[in-house]
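Here's the structure we're looking at; comments come further down.
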Amino acid sequence: MDVNAEITQQRIQPELKNLYVGVMLILAIDTALDACAAAVLDTSAGGVIALESQAMKRGHAEALMPLIARVMKASGVAFAALDRIAATTGPGSFTGLRVGLSAARGIALAAGKPVVGVTTLTAFAAPIVSENDQPHPVLAAIDARHDHVYFQVVGGDGSSLIKPKVAPIAEALDAARFSAPYLVGNAARILADRWPADAAPPFKIDQQSAPDIAWVAWLGAAVDPESSPARPYYLRAPDAKPPKDPLAGAARPPAS
């Protein structure tokens, strides 16, 4: 099932979120893009009870665990009391998202709790769809460099118009055919600056360096663990590949 459609079609209004996901304590983690963030969501309280987000392009590995420790202390919640852990899965920085996913899996294993994944494109789009009272489509886009973007387009009701993909910016701009979309993500300004002159201008340009960690938490509470695994969501292969085992072709020593 398309996770974005599953969540956004529910049109989760803030006052209804608690009813939708039930009573849960969620630790959410995001290191996929230019932020290191964590939050604890208490759905019975109707919102996040502790949150910290630091803007950063690198250094997530060093910053994350101390940041999580501070958030957990501020929340007053023990790891054992959590119902699940949620982490962003990408698209994003290959190194950054692995830091967050490794931490989420480690905490989940130690606490004996389930861990779920939330895509960054979904996290960018969902809060807009949930509050969108107008029929504007939402184009969520992330800079993939080399004149490409990761993007998807959903309708104002959360229906999928273009599934998540990586493509040249020129192809993403073809979404202008949907008429006055809401642009969101860290590539929103890139697309806006190159928007076709003969198309209706974007309804709104919402440049964000990273998704709202509170919404990562809400999505983490709402998704089905079976269909939302905590593993990297790659739309293209990593640029860097691990070196081959230098011992793979070496001669074996004679048996003694």
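Position 1 is the first residue of the sequence, and the numbers go up from there. Scope of the values below: all heavy atoms of this structure, side chains included, with no hydrogens, waters or symmetry mates.
In plain terms, the two heavy atoms of L219 and A123 that are nearest each other are CD1-CA, 3.7 Å. In this structure, A230 and R105 approach most closely via the heavy-atom pair O-NH2, 2.6 Å. V71 approaches A50 most closely through the heavy-atom pair O-CB, 3.5 Å. The shortest heavy-atom contact between G100 and L64 is CA-CD2, 3.9 Å. Nearest heavy-atom pair, A38 versus I68, reported as atom, atom and distance to 0.1 Å: CB-CG1, 4.1 Å. Across all their heavy atoms, V129 and G156 have their closest contact at CG1-O, 3.6 Å.
Proximity of a side-chain donor or acceptor of H60 to a complementary backbone N or O of A35 within less than 3.5 Å is detected. Between the side chain of D34 and the backbone N or O of A55, no donor-acceptor pair lies under 3.5 Å. No donor-acceptor distance shorter than 3.5 angstrom exists from the side chain of T31 to the backbone of C36, with no hydrogens or angles considered. With hydrogens and angles ignored, the 3.5 Å screen pairs no side-chain donor or acceptor of T89 with any backbone N or O of P232. No donor-acceptor pair closer than 3.5 Å links the side chain of K165 to the backbone N or O of L235. Judged purely by atom type and a 3.5 angstrom limit, D30 has no side-chain atom pairing as donor or acceptor with the backbone of A37. In this structure a side-chain-to-backbone donor-acceptor pair under 3.5 Å is present from W195 to A200. The backbone N or O of N186 sits less than 3.5 Å from a side-chain atom of Q207, completing a donor-acceptor pair. When atom types are taken as modelled, the side chain of R84 and the backbone of G220 share a donor-acceptor pair closer than 3.5 angstrom. Between the S75 side chain and the I49 main chain, no donor and acceptor come within less than 3.5 Å of each other.
Every residue two or more places apart in sequence or in another chain that forms a side-chain contact (heavy atoms from CB on, under 4.5 Å) with S93 is listed here: T95. Under the salt bridge (charged side-chain N to carboxylate O under 4.0 Å, His left out) criterion, R189 pairs with D193, not counting sequence neighbours. Applying the salt bridge (charged side-chain N to carboxylate O under 4.0 Å, His left out) test to R58 and every residue at least two apart in sequence or in another chain returns nothing.
For the pair Y150 and T120, the minimum side-chain heavy-atom distance is 4.5 Å or more. Between E171 and I162 the shortest side-chain heavy-atom distance does not fall below 4.5 Å. Residues T122 and V223 form no side-chain contact, since every pair of their non-hydrogen atoms from C-beta on lies 4.5 Å or further apart. Contact check for V40 versus M72: side-chain heavy atoms found under the 4.5 Å cut-off.
Going from atom CG of D83 over to atom CG of L41 covers 10.0 Å, rounded to the nearest 0.5 Å. One distance of note links CZ of F151 with CD1 of I169; it measures 11.0 Å at 0.5 Å rounding. Remark: F79 CZ to L25 CG distance equals 12.5 Å, nearest 0.5 Å. Taken from CG in D42 to CD1 in I26, the straight-line distance is 9.5 Å, to the nearest 0.5 Å. A distance of 13.0 Å separates OH in Y233 from CG in L97, rounded to the nearest 0.5 Å. Separation of atoms NZ (K113) and CG (L27) is listed at 12.5 Å; rounding is to 0.5 Å.
Taken together through direct or relayed side-chain contacts under 4.5 Å among Ile, Leu, Val, Met, Phe, Trp and Tyr, L51 and I29 form parts of separate hydrophobic clusters. Each of W218 and I85 belongs to its own hydrophobic cluster when Ile, Leu, Val, Met, Phe, Trp and Tyr are linked at side-chain heavy-atom distances under 4.5 angstrom. Both F178 and L191 belong to a common hydrophobic cluster when Ile, Leu, Val, Met, Phe, Trp and Tyr are linked at side-chain heavy-atom distances under 4.5 angstrom. The cluster map of Ile, Leu, Val, Met, Phe, Trp and Tyr, joined by side-chain heavy atoms under 4.5 Å apart, puts L67 and L33 in different clusters. Linking Ile, Leu, Val, Met, Phe, Trp and Tyr residues whenever their side-chain heavy atoms come within less than 4.5 Å places V149 and L139 in a single cluster.
Within a 6.0 Å radius of CZ in R231, no more than 12 heavy atoms belonging to other residues, nucleotides or ligands are found.
The aromatic rings of H136 and F203 lie parallel to each other, with less than 30° between the two planes, well short of the 60° mark.
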